[in-house]
Amino acid sequence: MRKASMQGMARMGAALLTTIFSVASSAAERPNIVFIFSDDHAVRAVSAYGDSLVETPNIDRIAAGGMRFDRAYVGNAICGPSRATLLTGLHSHANGFYSNEWSGPFDGEQQTLSSLLQTAGYQTAVIGKWHLYSDPVGFDHWEVIDNVMEQGTYYNPSFRSPAGIEEATGYVADLVTDKSIAWLKAAQREGSPFFLLYNHKTPHRDWMPGPEELRNWDEDARFEEPETLLRNLDGQTRARREARMRIEDYMTDGDVKLSKTFNLTPEQEALWEQAFAEGNRQYEDADLSADEALRWKYQRYIKTYAASVQSMDRQIGRLLDYLESNGLMDNTIVLYSSDQGFFLGENGWFDKRWMDEVSSQVPLLVQWQGHIPPGTASDALVQNIDFAPTLLAAASVKPDKPMHGVSLLPLFEDDPKPWQRDLYYHFYENPGFHGVARHYGVRTERYKLVYYYQNDEWELFDLVTDPDDQVNLYGKPDYDDVTGDLKQRLAKLREQYQVPESDPEVPWYHGPFIRGVEQLMKWL
Ligand code: CA
């Protein structure tokens, strides 16, 4: 109690000092920040990156107005840990949030982007997906998705806030946007700079499009299949062979809309029926081979994924319209990113977790008028540990303790200095859904070296000749020098970030529990 009140007084003192400072240094100089953060949105489904599955005209506005990062990655491709890294600028082992399943709740009392900005006089809010199992800290306002282990539901989700639980009616992307615009209006009246974390649930599994997309559903539309949809993984590492990622085995009837969703109003249910019932009848009447059934599931999957992206993109457009029509773009940094990428049928897989490009790479678009030349692109190797240091640097706020990431502001200069960087990756969630082995690795300008340490297996990819992580070169003749160099780089990164030798303990019952839930999902 005494400690808490001392901390409270210290915070008040710091806030007072910052207020005095901000009056002296003119609050208007500090930019507002709107971070648009989505869930499982792969680069291949953002049209600003070209050759996209789906058109995202509104997300693309940010690229057109600013910089597109072509090599942005996360350090641990899973929802909660990625969010903890955004807030702390630290890799998972240093912020304590290793896994969605066994390392929560997130300790919000540690140094975070939100607390630092709040103390510096920013108005701060997080609205939408949170997924860190503790109440947000450092946010003046928070309304976060609550139900289903903080995954929330696409239709009629509930929101948790200091006022309690609200059972909302409507589509999640629309609701998150309504709430965000309402908060922006209030923040604008207040006058001091603001930081909004506008967090979409979309397009997370189980990929439910919004009402507009259901109304215009085209059952006959067909998406191109990835070349590796039917890939046989025999001869690959045990880690790849034993992962439970395959569409035909692990995608449920609910995922592909063969079974009904719950929680819909009669109007929503009518739209649902109109979109899917006839296609479902045809599927059930047809006598499909295993490959044909996989192809059908792939189409349903990818079409609902793409449509969910469009439902979100339209709402992002509404928020951007609000910022533009209220003259806020002049002094607001707008960022778009996702908590990680996603397998969209590559290797016959769905989900994320891997250090593979499609899973660990994320879209990163940053617009800041007068500071970032519009319509530019950067191929610098950057990571989600850099988000917090970048935004703090833009706001002229110095963190008390060092972060793992670095500020990306130098990359916005006209003629940026050469960028030298290796990236560290570490996935811990095993046992866990999809059975992906723990692994860590290094990504350099050209290569990627991955170590599956539970199996003592390595993978080496040359990303120039093999951008899709298909050909494991580890142990192949002529790669000894490259491998030796990469192992040194990896050891150096582990030392730099002080990665502990051993991982945290996982409760003994966790593995059997996860397998039980997976089995149950297949039956349902
Ligand atoms: Ca995610």
Side-chain angles (χ1 to χ4, degrees), residues 35-46 53 56 59 72-88 91-92 95 97-106 126-133 144-154 157 172-173 176 197-208 243-245 250-251 255 301-302 304-306 308-309 311-313 316 335-346 349-364 383-385 387 425-430 432-434 436 514:
F35 202 141
I36 309 172
F37 200 59
S38 64
D39 198 340
D40 297 3
H41 194 184
V43 166
R44 201 156 76 78
V46 181
L53 278 176
T56 52
I59 293 170
Y73 295 85
V74 295
N76 183 2
I78 188 84
C79 306
S82 186
R83 288 152 203 276
T85 290
L86 184 159
L87 288 170
T88 59
H91 282 293
S92 304
N95 65 44
F97 202 92
Y98 295 84
S99 153
N100 282 345
E101 295 167 14
W102 41 257
S103 67
F106 174 68
V126 55
I127 295 171
K129 179 107 177 236
W130 175 245
H131 206 221
L132 291 169
Y133 309 124
V144 297
I145 290 168
D146 184 62
N147 43 0
V148 201
M149 294 290 286
E150 297 194 1
Q151 289 290 1
T153 51
Y154 274 95
V172 67
V176 168
L197 196 46
Y198 165 53
N199 280 358
H200 281 282
K201 165 193 173 55
T202 329
H204 191 277
R205 186 183 186 182
D206 47 356
W207 320 294
M208 291 195 194
R244 303 188 292 273
M245 304 276 291
Y250 291 95
M251 209 168 257
D255 288 333
Y301 161 40
I302 228 65
T304 49
Y305 181 94
S308 305
V309 167
S311 303
M312 172 177 73
D313 182 75
I316 290 172
L335 304 93
Y336 181 78
S337 194
S338 175
D339 61 350
Q340 80 292 303
F342 216 66
F343 283 91
L344 299 171
E346 297 91 348
W349 287 359
F350 69 110
D351 209 73
K352 50 239 181 184
R353 298 160 203 268
W354 294 79
M355 196 185 167
D356 286 35
E357 295 293 288
V358 289
S359 159
S360 67
Q361 192 190 357
V362 287
L364 177 61
Q383 208 171 23
N384 59 342
I385 50 173
F387 295 165
Y425 183 89
H426 201 149
F427 174 78
Y428 298 86
E429 196 170 281
N430 183 294
F433 286 109
H434 299 281
V436 178
I514 290 295

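Hydrogens, waters and symmetry mates are skipped; everything else that's a heavy atom, side chains included, is used. Counting starts at 1 for both ligands and their atoms, following the listed order.
Checked options Asp313, Val176, Val172; the residue passing with Thr202 is Val172 (criterion: side-chain contact (heavy atoms from CB on, under 4.5 Å)).
Considering the Ca ion (ligand 1) as centre, the angle to SG of Cys79 and to OD1 of Asp39 is 100° (10° rounding).
Evaluation of the ring-ring contact (aromatic ring centres under 6.0 Å, His included) rule for Phe350 yields His434 as partners, not counting sequence neighbours. Considering only residues two or more places apart in sequence or on other chains, Phe106 meets the ring-ring contact (aromatic ring centres under 6.0 Å, His included) condition with none of them.
Between Trp207 and Tyr301, the ring center distance clears the sub-6.0 Å criterion.
No other N/O/S atom of Asp339 lies as close to the Ca ion (ligand 1) as OD2 does. With respect to the Ca ion (ligand 1), Asp40 has OD1 as its nearest N, O or S atom.
For residue His204, no N/O/S atom approaches the Ca ion (ligand 1) to within less than 3.0 Å.
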